[in-house]
Amino acid sequence: MGGVKTTTKQKIAFSVLFLCTLIVVLPVLFVLWAILKGGAPAINWQFLSTMPREGMREGGIYPAIIGTIYLVSLSVLFSLPIGLFAAIYLNEYAKDNLLTRLIRLAIVNLSGVSSVVYGLFGLALFVNFLKFGVSILSGALTLAIMNLPVIIIASTEALASVPFSFREVSLSLGASRWQTVRYSVLPNAIPGILTGAILSLARAAGETAPILFTVAAFYLPKLPKSIFDQAMALPYHLYIISTQIPNIKTEVRYGTALVLIGIVFSMNIFAVVIRAKFRKKKKW
Amino acid sequence: MVNPTFRITGLDAFYGNKHVLKNINIDILPNAVTALIGPSGCGKSTFIRSLNRINDLILTFRREGKVCYHNQDIYAKDVDVVELRRRVGMVFQKPNPFPKSIYDNIAYCLKVHGIKDKDKIDATVESSLKKAALWDEVKNSLRQNALTLSGGQQQRLCIARTLAVEPEVILFDEPCSSLDPISTAKIEELIHQLKQSYTLIIVTHNMQQAARVSDFAGFFLLGELIEFDKTDKIFTAPKDKRTEDYITGRFG
Ligand SMILES: Nc1ncnc2c1ncn2[C@@H]1O[C@H](COP(=O)(O)OP(=O)(O)OP(=O)(O)O)[C@@H](O)[C@H]1O
Ligand SMILES: [Mg+2]
């Protein structure tokens, strides 16, 4: 009797949970479907590889794609090493005192700060104060600053998940602390660190606000030549063609959105694959 | 009289406010096996973990008193802890090879000591595995992941890894507690052989093991060293009633 009752309860619970999942997933699926349906006809090699023409109503989105790739790769050059070393310091060296606790708290809070704040910060610091101007460098640094807290948190977690005994053994064998981190902790934390870094980059690729004032150009007839040039970027381009340019074909808008989502999505998948691949391998 | 390898005087240890070792005084002699026995939680691990300063890793750990290694206070400011740990090796309770190949587990020690010569590494891998009585079982599978070995093999690999560093002292913290009788016998045999060239300290819960392998034995109870003497004295004619009760199994 009791058994029947518990199974019924369980069924109800499962149904409710399933319904909640559906409510979360359905809109996302709908958006994806709409973009895919609207954008797919626009996607072809010419769209991906040529400059925009006719006031961006015709032609491709090549410079925006390139700009986004530049921004993301340059930003990771700054954020990954700094974030990683900060995480190593916090997790492996720092004493647990008021100062480090404040730092940790600050990092967690910074990771939740709205991206437009980072945009304004980048404008003030990199564009104006350091006089990098509106440039790829300023934009990449702004994205890097925005990503740092996320990378630090992910890296700290990855380091903390390496068993304490690895450190004990390594030190007991006469390795120094740095050697212990370098040879015995870090290799086992790399998958987690990479996953975190890629996910944060995917976010960076899709953000508009941080690049709005620091790098993004409305339209450039040429590709950027150096990191001190302005660049077009996908999210900003999408914003422009959706709001500032009348009479543009909808499939160009949807196509641009589709490319942006495609890039972000494949980065996320890449991160998941890395994680899955290493999870199978580790068994301590 | 021979100079003791370790001379510990008035050692007190704390985790936070918890007082876990109380005024420990003990001399550890070279080329002998010293066994430490006592009920769970009495501070044996804390004691040996303060001999190679591995307890420094535990942030709440604090100690007072002196631990002298060859007349040098290892807690003095100018001590090179890395060098100390090279000379005072440790084998832990749970076998803990790195998730690397058997070969790389041992090569790790040489790598961190800056040895890059492949022949030297090969030779050390072989000689340490031989000393740890594991060579014959693994010589054809050195590239295999160490985690695929049995528990007893893993523990012998850990011993081989410790030997590869060429320490002078080896601390064993219940090295056999997760092993079957055959592996245990192998490790005891090994300890017996290592005694010729090393100073050994072994924590064990197994009275027969302490009696079999050790020359000296110390009995800990609630953070105090109740009695320390030659092993046969401790086991045949203990001076303290509490030692006798523990050895004869009257409390645990
Ligand atoms: N990291 C720690 N933090 C706080 N207390 C600890 C810590 N490690 C050990 N203790 C406490 O210190 C006391 C001594 O512990 P220790 O591990 O030295 O005992 P032991 O004799 O080795 O016991 P066992 O035979 O169970 O291994 C115990 O009361 C234990 O709870
Ligand atoms: Mg113990």
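Proteins get letters first, then strands, A, B, ... in listed order; numbering begins at 1 in each.
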query = Which atoms form the tightest heavy-atom contact between B:I54 and A:S172, and what is the distance?
reply = CD1-N, 3.9 Å
ask   = Side chains of A:N188 and B:P99: closer than 4.5 Å at any heavy-atom pair?
value = yes
key: Considering all heavy atoms, the nearest B:F98-A:L173 contact   = CE1-CD1, 4.2 Å
ask   = Any ion pair linking B:R85 and A:E168 (charged N to carboxylate O, less than 4.0 Å)?
value = no
request  = Write down the atom of A:Y183, the atom of B:Y108, and the distance for their closest heavy-atom approach.
outcome  = CB-CE1, 3.5 Å
task = Can you establish whether the number of heavy atoms outside B:E166 located under 6.0 Å from its atom CD is more than 12?
result = no
Per-residue contact mode, B:N52 against chain A (heavy atom under 4.5 angstrom) = side chain
ask   = Is it the case that more than 12 heavy atoms not belonging to B:H192 sit under 6.0 Å from its NE2 atom?
value = no
ask   = Does CZ belonging to A:F270 count more than 12 external heavy atoms closer than 6.0 Å?
value = no
ask   = In this structure, are over 12 heavy atoms from other groups packed under 6.0 Å from A:N109 atom CG?
value = yes
query = Hey, is NZ on B:K66 packed in by over 12 heavy atoms from elsewhere, all under 6.0 Å?
reply = no
ask   = Would you say the side chain of A:F164 lies within less than 4.5 Å of the side chain of B:L57, judging by non-hydrogen atoms?
value = yes
request  = Specify the closest pair of heavy atoms between B:V82 and A:G174, including all atoms of both residues, with the distance to one decimal.
outcome  = CG1-O, 3.2 Å
request  = State whether the number of non-hydrogen atoms from other residues, nucleotides or ligands found under 6.0 Å of A:R182 atom CZ is greater than 12.
outcome  = no
key: Atom group of B:R161 that falls short of 4.5 Å from chain A, counting heavy atoms   = both
inquiry  = Under 4.5 Å from any heavy atom of chain A, what part of B:K100 do you find: side chain, backbone, both or neither?
reply    = side chain
query = For atom OH of A:Y93, is the number of surrounding heavy atoms from other residues, nucleotides or ligands below 6.0 Å larger than 12?
reply = yes
